[in-house]
Structure formats: C-alpha cells, structure tokens
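This report refers to the structure that appears directly beneath it.
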Amino acid sequence: MDIRIGITQAPREIAIEVEDDSKARKALKASVDAALKGESDVLWITDKKGKDIAIPSAKIAYVEIGSTDAERRIGFGD
C-alpha cells in the first residue's frame, strides 16, 4: 500500500510503499493516530525494503493511506 505524508513547511510530500495487509494497515493507522494525538514524538514507518523512516510528529500535516498499485489506473479511460 502507498502512504503519502505531508510535512509542514515542506514543498513536497513523503511517499512510502509498505506491505499491504489488513493487520499492517491497522497497525499503521494506530501509529499515525498516536503521533497525531501527541502520544509519540516520532512516527516510525518501515517500507517494503525494510528501511525505517522517522517523521517528527509535530511536523505532520496530513497522512494519506492508499491502495495497492494494481488498483491504480493510468490514462484517460473510464
């Protein structure tokens, strides 16, 4: 699944691809929730390749959790 995170005072967003299953999605949502509520100072996300990414909770503007690449459509078709 794809995650896009907007950072305050940054012109670009962070795009991360992570494993896609319901358990991982629930864990990610819980981590994002805790970060946005101020329960944790840093949001840690591990991407598909095993790389850990840290994002300061105070700098998060928005988080978008998307679907897998197979569900994306490219082009002008319906």
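Numbers here are sequence positions counted from 1. Just so it is clear, the structure is predicted and the values come from calculations on it, not from any experiment.
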Through direct or indirect side-chain contacts below 4.5 angstrom among Ile, Leu, Val, Met, Phe, Trp and Tyr, which residues connect to Trp44? Val42
Checking Asp52 now: which residues fulfil side-chain hydrogen bond (donor to acceptor under 3.5 Å, both in side chains) with it, not counting sequence neighbours? Thr46
Output every pair passing side-chain hydrogen bond (donor to acceptor under 3.5 Å, both in side chains) with a member in residues 3-15, not counting sequence neighbours, ordered by first then second residue. Arg4-Glu13, Arg4-Glu64, Glu13-Tyr62
Residues pairing under side-chain hydrogen bond (donor to acceptor under 3.5 Å, both in side chains) where one sits in residues 27-42, two or more places apart or in two chains, turn out to be none
Looking at Ile3 and Val18, what are the two nearest heavy atoms and their distance? CD1-CG2, 3.6 Å
Could you pull out the closest heavy-atom pair between Ala35 and Leu43, with the gap in Å? CB-CB, 4.1 Å
All side chain to side chain contact (heavy atoms under 4.5 Å, CB included) counterparts of Glu19, not counting sequence neighbours: Lys48
Please list, chain by chain and in numerical order, all residues satisfying side chain to side chain contact (heavy atoms under 4.5 Å, CB included) with Ile7, sequence neighbours excluded. Ile5, Ala10, Ile14, Ile55, Lys59
